[in-house]
Every structure is written in structure tokens, then in C-alpha cells.
Amino acid sequence: IDPVPGAAWERGWRRLWRTVVHFRVGSTPEGKAIFARVPILLHRPLPAGARVKWAHLTRRRVATHTRWELLLVLSQERWVRLTASAGRVGIDVGWRVLGEGSLRVARWAGDDRDEGELVLPADWLAGQRKVRDLQSIRDDRLNEARDRLAGWGRGCVDLPGWLMEARRTLHAWRSPGRLAALAIRWRGERFLQDEDAFDALETWRRRDKHLYEWEENLREKLQGRRQDIYRCFAKRLSERYHTAAVEALDLRDFHRLPSPEDEALDGAVKEHVRDACLSRLLGAIREAFAEVIPLDPMHTTMEC
């Protein structure tokens with residue numbers, strides 16, 4: 001990939017968003033290079049004059065599909081960091097649901113007496129609730145399909161050995177993938193008078209796959225949007241202030257299990273902890289600012 005100047009990119013090089021990377025994957029016995037052609041979506045141009053020092057091709061699963069990503073490590077003689085040369089800002093991280101349904105995750109105040117807050121919008125929070133609803137629907141349908149299959153096989157003595165073995169522990173299955181694998185195996189090893197049970201299980205598998213794809217792709221989209229919001233927030237502040245003062249929080253404290261008497265309140269609290277994902281926010285702040293000062297969090301948030 002050739003680095004593309006930013007101005008040229010804006011004038012019409014956006015067609016290079018979809019390009020091809022020639023990635024060396026090995027050599028022939030004669031010493032000739034073997035390249036893999038990988039089509040990619042380049043989400044921003046490479047800096048002019050930068051050299052590609054390392055290239056990593058990674059693969060990860062999103063639902064039932066594979067997503068490939070190209071990570072480039074660049075080197076340059078001198079990097080210019082576009083941050084302010086002076087000024088300080090204090091950032092108080094935390095979360096609170098606001099009246100319009102959005103989630104406030106931080107407030108900030110600068111030494112120039114300006115202040116503001118970082119908010120995840122209400123439609124983003126609604127998307128998170130949809131992800132949890134899809135997961136709940138899948139859990140309920142899994143329980144129904146599992147119990148239906150266990151009831152159908154009760155009293156049958158001429159079942160195949162692999163199905164008899166699965167039924168011994170079927171009541172304890174909690175993974176949809178495990179039941180889906182059973183349905184796929186059943187598809188290739190049919191036996192007499194299995195139509196009702198197999199059709200019901202195959203119907204469940206197809207519907208669960210659809211819900212699984214919906215859930216995971218929506219989660220992926222929401223996480224990417226949240227990361228973009230956090231990075232833009234940190235970038236805007238770093239262009240105004242040189243130094244950021246942030247609480248030195250131990251985020252493990254927010255994920256510890258509650259006492260039994262507080263367990264009823266724990267559901268909403270845990271949801272907001274996952275929604276805010278303060279580790280991502282703090283990471284974006286550390287990457288954007290030239291200097292980050294950790295502060296003792298004691299008494300920075302007090303009950304009114």
C-alpha cells in the first residue's frame with residue numbers, strides 16, 4: 001500500500017478505501033516469495049513519508065463469520081503530535097443515566113473555566129438494551145428446545161449411541177453452540193421416525209443462528225461507535241489542553257460481586273458498568289494527551 005497524502009485523499013482518493021494488500025506468507029523451495037492477496041477496507045490514509053515496519057494479519061470470529069483485520073506498525077523520522085502546548089483539564093469519570101435516557105460517563109473542567117460532559121446518546125443505550133434482549137430471547141429458546149428434545153427421547157431404547165450419550169447430560173447444557181452441533185450431526189445421521197424431533201431442533205437452530213448473527217453484529221457496531229466517541233472526546237480536549245488530570249481508579253472494584261442484600265440492585269449497576277466501559281475511555285485519554293497526571297480518587301465523588 002502506498003501512503004496517500006491527506007489532501008489528495010480528500011480530493012478523490014477515497015476509492016482507495018477498497019484496495020488489495022499483497023501479504024508475504026512464505027517462500028518456495030527456490031527462495032521466491034509467496035504472497036497472499038487480501039482485499040481490505042482502508043479506513044484512513046497512511047501518513048505521507050511513513051514506512052511500514054510490521055504488518056499483522058489477524059482473524060477473529062464475529063458470530064458464525066470470520067473477520068480479518070490488517071494492523072500496520074509505522075515508523076517515521078519524526079512524528080508530530082498535534083496537542084496543545086499549555087493548559088490543564090480535570091476529568092472525573094463515572095456514570096449516571098440522564099433524564100432523556102442517555103448515559104453520562106465523564107465530566108471535565110479546564111483551567112480556563114470551561115467545562116462539559118461526555119455522554120453516550122440514548123439511541124446507543126437503546127442498542128445495548130436490544131443486545132441484552134436478544135441474548136435473553138436466545139436463552140429462553142435454548143431452554144425450550146433442550147427440554148423438548150429431552151422429553152421426546154424419554155422412554156426410547158433404539159436411539160443411536162451418540163444421541164443416547166448426549167441425552168445423559170442434555171439437562172445441563174447451557175451453550176447454544178453445543179445444541180447446534182448436535183443438530184448438524186443429526187442432519188448427517190438420520191434414523192427412522194426421527195422427523196418430529198429433528199425438524200423441531202433444526203428449526204430452532206436456524207432461528208438461533210439468525211438471532212446470534214443479529215446480536216453479535218449489533219454488539220460489534222455499538223462497541224466501535226463507543227470507541228469512536230471516546231477517541232474524538234479525548235482528541236478534542238488534547239487540542240485545547242496539554243495535561244489531563246484523571247482519577248487513578250482500580251476498575252476491578254466496579255466488577256466485584258455484591259453482598260446478598262444488595263444483589264437486587266446489582267443488575268442495573270452491572271449493566272451501566274459494561275455500558276460505560278471506563279477502561280476504554282481511560283485508554284483513549286492516555287493515548288491522546290501529552291501528559292496524564294493520576295489523582296487520588298478519594299472524595300472526588302461525594303454523596304449530596
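Positions are given from 1 along the sequence.
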| task | Step by step, work out the side chain to side chain contact (heavy atoms under 4.5 Å, CB included) result for Tyr230 and Ile285. | result | CA-CA 8 Å; Tyr230 286 176; Ile285 292 172; over 6 Å; no
Close side-chain approach of [X] and [Y], heavy atoms under 4.5 Å:
X      : Y      : answer
Leu149 : Leu179 : yes
Arg240 : Asp112 : yes
Arg219 : Gln223 : yes
Ile229 : Leu118 : yes

Applying the 4.5 Å side-chain criterion to the ILVMFWY set and letting contacts propagate, would [X] and [Y] be lumped into a single cluster?
X      : Y     : value
Ile40  : Phe35 : no
Leu57  : Leu72 : yes
Val119 : Val97 : no
Leu120 : Leu98 : no
Val25  : Val38 : yes

Taking everything shown except [X] itself, do over 12 heavy atoms lie less than 6.0 Å from its [atom1]?
X      : atom1 : result
Arg187 : CZ    : yes
Arg280 : CZ    : no
Asp140 : CG    : yes
Glu77  : CD    : no
Arg107 : CZ    : yes
Glu195 : CD    : yes
Arg185 : CZ    : yes
Arg51  : CZ    : no

| request: Decide whether a cation-pi geometry holds between Arg190 and Phe198; the criteria are a distance under 6.0 Å from NZ or CZ to the six-membered ring centre and an angle within 45° of the ring axis. | output: yes
Do [X] and [Y] have side-chain atoms, one donor and one acceptor, less than 3.5 Å apart?
X      : Y      : value
Asp111 : Tyr241 : no
Asp114 : Trp108 : no
Glu213 : His65  : yes

| message | Is there a side-chain hydrogen bond (donor to acceptor under 3.5 Å, both in side chains) between Arg61 and Thr64? Walk through the geometry before answering. | response | CA-CA 7 Å; Arg61 296 280 292 180; Thr64 60; 5.6 Å; no
| request: Apply side chain to side chain contact (heavy atoms under 4.5 Å, CB included) to Ala290 and list each qualifying residue two or more places apart in sequence or on a separate chain. | output: Thr83, His242
| note | Residues Arg174 and Leu142: closest non-hydrogen pair is O-CD2, 3.5 Å
| said: Given 3.5 Å as the limit, does a donor-acceptor pair link the side chain of Trp173 with the main chain of Thr169, or not? | reply: yes
| request: Applying side chain to side chain contact (heavy atoms under 4.5 Å, CB included), run through Trp95 and Asp275 and close with a yes or a no. | output: CA-CA 9 Å; Trp95 62 88; Asp275 292 341; over 6 Å; no
| message | Show, in sequence, the C-alpha distance, side-chain angles and deciding distance for Leu71 and Thr58, and conclude whether the side chain to side chain contact (heavy atoms under 4.5 Å, CB included) test is met. | response | CA-CA 8 Å; Leu71 174 63; Thr58 62; 5.5 Å; no
| query | What is the ring orientation for Trp186 with Trp152, classed by angle as parallel under 30°, tilted 30 to 60°, or perpendicular over 60°? | reply | tilted
| Using the ring of each side chain (for Trp, its six-membered ring), is Trp54 parallel, tilted or perpendicular to His56, with breaks at 30° and 60°? | parallel
| note | Exactly one candidate in Arg226, Arg60, Arg225 meets salt bridge (Lys or Arg N to Asp or Glu O under 4.0 Å) with Glu220; the answer is Arg60
| task | Using the side chain to side chain contact (heavy atoms under 4.5 Å, CB included) rule, take Glu215 and Arg138 through it: C-alpha gap first, then chi angles, then the decisive distance, then the call. | result | CA-CA 10 Å; Glu215 175 191 346; Arg138 292 184 63 220; 3.2 Å; yes
| query | How far does CD of Gln227 sit from CG of Leu222, to the nearest 0.5 angstrom? | reply | 13.5 Å
